[in-house]
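Before any comments, here is the structure.
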Amino acid sequence: MRIEFGVTSHTPGTALVVFAAKDAVLSGAAQALDAALGGALATAAKTARFEGDAAQIVELLAPSGTDASRVLVVGTGKPGHADAAVFERIGGAIAARLLTSGETKATVDFGGLNDLALDTPKAAAHLALGASLRAWRFDKYRTKLPEKQKPTLTEIAIANAGSAGQEWARLEPLVEAVGFTRSLVTEPGNVIYPESFVERCRPLADLGIKIEVLDESEMRAAGMGALLGVAQGSAKPPRLLVMEWDGTGGKAKTSTVFVGKGVTFDTGGISIKPAAGMEDMKWDMGGAGAVAGAMKALALRRAKARVVGICGLVENMPDGNAQRPGDVVTTMSGQTVEVINTDAEGRLVLCDAITWVQKRFNPEVIVDLATLTGAIIISLGHEYAGLFSNSDELAKQLVTAGIATGDKLWRFPLGSAYDKMIDSPIADMKNVGSRDAGSITAAQFIGRFVNDGVKWAHLDIAGMAWSAKAGATWEKGATGYGVRLLDRFVEDTLEA
């Protein structure tokens with residue numbers, strides 16, 4: 001969807017959007033329009049019990065007294081409280097209302113909009129971001145889409161918002177990057193598998209990202225017995241994808257690494273999942289998708305930082321060669337793991353990827369993202385991702401980035417008492433403990449592979465990578481969670 005800035009009035013015959021604060025207090029532009037309409041805006045707001053809550057909408061169709069095809073009055077909430085997140089919600093609400101309405105263009109008039117929690121240009125840019133993210137669709141395989149369900153809105157013009165175009169220049173790359181992640185996560189397992197995931201990411205090299213790929217033989221030579229154990233039941237060979245971005249001209253060392261779990265389809269292996277809902281397991285590569293999207297965002301905006309992204313890519317299938325419950329595998333670190341449950345495979349992928357990246361890049365900071373446990377959804381629902389970390393400083397930085405972007409995190413504890421729950425009687429550890437503290441013991445497992453002195457955070461995003469219902473800035477399906485979080489984390493910690 002095209003975003004246009006610098007306009008001063010709306011195009012006749014198209015939609016017009018104005019604002020009202022709490023208690024239906026109209027903005028300057030809304031007041032002028034209401035006068036031209038003979039008080040119709042105020043009357044409609046009262047009739048619809050519109051109170052001006054954030055992102056609340058009242059709509060007038062073809063009102064007499066204006067050449068707009070329809071008018072939307074959108075609430076901004078309490079005076080002084082409308083921040084970036086509110087305006088992203090507002091943009092999302094506008095896009096959701098108009099996307100398939102038959103309208104092709106909408107003009108959003110910021111004239112006379114005062115008493116916000118941020119300046120008007122930033123408000124307008126974040127509205128554009130919210131609208132662009134909410135307008136994203138995946139209709140690639142729909143050949144018989146009804147006419148009324150087809151998107152018609154192709155442009156949003158922002159009027160009377162000052163230098164919003166400059167603010168938008170910083171945010172616009174996120175639209176493409178989040179869309180890239182959503183596409184990867186949404187594609188079915190017969191389309192996205194380890195090799196094809198790599199091919200989807202190869203064009204990132206055109207943006208200046210250095211791409212390296214380890215195949216099965218190279219991983220075997222490196223000793224990645226845990227990752228390869230997960231992959232051995234699939235006809236699709238595994239891959240380790242390495243993406244390096246250096247926006248410092250070689251001045252910075254590689255201090256920060258993102259690691260993504262990329263199980264492109266997860267049947268559970270021999271510990272097979274129930275049939276109902278298994279089709280959703282195409283998104284078990286959401287962590288890898290987020291890492292790839294974040295790397296694209298950094299490159300698109302030419303981030304002045306050096307960051308490495310690693311994706312451990314496998315498919316977990318139950319054929320005659322598949323890993324069995326009770327098998328013992330030797331990880332790249334040399335530690336041994338008794339595989340109690342083959343559906344606890346993500347941690348087996350991550351442990352070898354983390355070991356490899358430490359040997360290769362010697363990072364100071366590692367952040368891994370994984371759709372790791374159903375237990376995190378029981379704990380947090382679909383409001384927060386779980387955060388586990390050995391560093392209070394790193395945890396605080398990530399939580400702060402999450403608040404700023406809406407990719408929210410909630411920190412969980414780690415400790416030796418939980419560590420004991422994954423001790424094995426025949427190997428160094430088991431890949432699962434009991435049902436108790438399932439997300440924590442999964443994090444404890446990964447933590448055993450992090451070198452002393454390395455700041456590490458594990459983000460369990462199982463409840464956030466995919467949504468069964470539409471949200472403020474996404475349609476139901478892939479959310480793109482993690483892209484904005486990692487991008488903001490880099491901006492705050494490496495570019496500050």
Side-chain angles (χ1 to χ4, degrees), residues 208-212 214 222 224 240-261 287-288 290-295 297-299 301-312 331-335 347 349-370 385-402 404-405 407 409 411-412 414 443-461 482-496:
I209 293 176
K210 181 181 177 182
I211 302 290
E212 180 182 356
L214 274 67
M224 296 187 189
L240 189 74
L241 172 63
V242 186
M243 298 167 284
E244 297 181 60
W245 167 254
D246 186 359
T248 70
K251 296 178 181 178
K253 64 179 181 178
T254 306
S255 59
T256 299
V257 171
F258 301 141
V259 182
K261 171 191 170 184
V291 169
M295 297 303 294
L298 297 178
R301 69 176 183 82
R302 318 309 294 174
K304 294 179 174 60
R306 189 175 182 191
V307 179
V308 173
I310 307 291
C311 298
T331 68
M332 184 179 175
S333 71
Q335 299 177 85
R347 63 204 72 180
V349 173
L350 289 172
C351 72
D352 276 346
I354 287 172
T355 300
W356 184 89
V357 81
Q358 289 176 116
K359 289 187 175 182
R360 173 66 177 275
F361 292 104
N362 192 30
E364 295 176 359
V365 175
I366 296 175
V367 179
D368 77 73
L369 294 87
L387 164 64
F388 305 80
S389 183
N390 62 7
S391 165
D392 291 343
E393 179 188 21
L394 177 58
K396 183 177 179 180
Q397 290 168 339
L398 287 165
V399 168
T400 299
T405 60
D407 285 354
L409 295 166
R411 191 178 183 185
F412 281 71
L414 294 170
Q444 291 286 158
F445 179 97
I446 298 168
R448 291 192 180 194
F449 299 86
V450 177
N451 293 343
D452 291 341
V454 175
K455 295 179 182 178
W456 160 72
H458 161 60
L459 310 184
D460 192 335
I461 67 172
V483 175
R484 295 183 61 190
L485 171 69
L486 296 181
D487 175 78
R488 183 60 180 260
F489 170 76
V490 170
E491 181 180 18
D492 289 348
T493 61
L494 301 182
E495 298 180 281

> What is the distance from atom CH2 of W456 to atom CG of N390, rounded to the nearest 0.5 Å?
Replying inline: 6.5 Å
> Looking only at atom types and distance, does a side-chain atom of N451 sit under 3.5 Å from a main-chain N or O of P363, one as donor and one as acceptor?
Replying inline: no
> For L350 and A370, which heavy atoms make the closest approach, and how far apart are they?
Replying inline: CD1-CB, 3.8 Å
> Can you check whether E212 reaches R360 side chain to side chain, under 4.5 Å on heavy atoms?
Replying inline: yes
> Got a sec, which residues hit salt bridge (Lys or Arg N to Asp or Glu O under 4.0 Å) with D487, two or more places apart in sequence or on another chain?
Replying inline: R170, R301
> Partners of S391 by side chain to side chain donor-acceptor pair (under 3.5 Å), sequence neighbours excluded?
Replying inline: none
> Below 4.5 Å, heavy atoms only, C-beta onward: do D368 and K261 meet side chain to side chain?
Replying inline: no
>> Checking R484 now: which residues fulfil salt bridge (Lys or Arg N to Asp or Glu O under 4.0 Å) with it, not counting sequence neighbours?
In response: E88
>> Taking side chain to side chain contact (heavy atoms under 4.5 Å, CB included) as the definition, give me every residue that meets it alongside K359, ordered by chain and number, with sequence neighbours left out.
In response: M332, T355
>> Apply side-chain contact (heavy atoms from CB on, under 4.5 Å) to residues C311 and M243 and explain how you reach the verdict.
In response: CA-CA 9 Å; C311 298; M243 298 167 284; 3.7 Å; yes
>> Applying the side-chain contact (heavy atoms from CB on, under 4.5 Å) criterion to V308, which one of V242, I209, D246 satisfies it?
In response: V242
>> Do T400 and K396 have side chains that approach each other closer than 4.5 Å (heavy atoms only, starting at C-beta)?
In response: yes
> In Å and rounded to the nearest 0.5 Å, what is the CG to CZ distance from L398 to R488?
Replying inline: 12.5 Å
> What pairs with A395 under side chain to side chain contact (heavy atoms under 4.5 Å, CB included), at least two apart in sequence or on another chain?
Replying inline: L387, S389, R411
> For K253, which residues count as a salt bridge (Lys or Arg N to Asp or Glu O under 4.0 Å) partner, sequence neighbours excluded?
Replying inline: E364
> Residues two or more places apart in sequence or in another chain: which of them pass side chain to side chain donor-acceptor pair (under 3.5 Å) with D460?
Replying inline: T373
>> According to side chain to side chain donor-acceptor pair (under 3.5 Å), who are the partners of S333, at least two apart in sequence or on a separate chain?
In response: T331, Q335
> Who pairs with N362 by side chain to side chain contact (heavy atoms under 4.5 Å, CB included), at least two apart in sequence or on another chain?
Replying inline: none
> Can you name the residues that form a side chain to side chain donor-acceptor pair (under 3.5 Å) with R306, not counting sequence neighbours?
Replying inline: T254
>> Rounded at 0.5 Å granularity, tell me how far CE in M224 sits from CG in L214.
In response: 5.5 Å
>> Side chains of F388 and I446, heavy atoms from C-beta outward: is any pair under 4.5 Å?
In response: no
> Quick one: NE2 on H458 to CD on Q444, what's the gap to the nearest 0.5 Å?
Replying inline: 10.5 Å
> Taking only residues two or more places apart in sequence, or in another chain, which ones meet A353 in a side chain to side chain contact (heavy atoms under 4.5 Å, CB included)?
Replying inline: L240, V259, I310
>> Measuring only between side-chain heavy atoms, which start at C-beta, is L486 closer than 4.5 Å to L369?
In response: yes
>> Is any side-chain heavy atom of T256 closer than 4.5 Å to one of F258?
In response: yes
>> Using the ring-ring contact (aromatic ring centres under 6.0 Å, His included) criterion, which residues pair with F445? Sequence neighbours excluded.
In response: F449
> Shortest non-hydrogen contact from L485 to L459?
Replying inline: CD2-CD1, 3.6 Å
> V490 and A305: which non-hydrogen atoms are nearest, and at how many Å?
Replying inline: CG1-CB, 3.7 Å
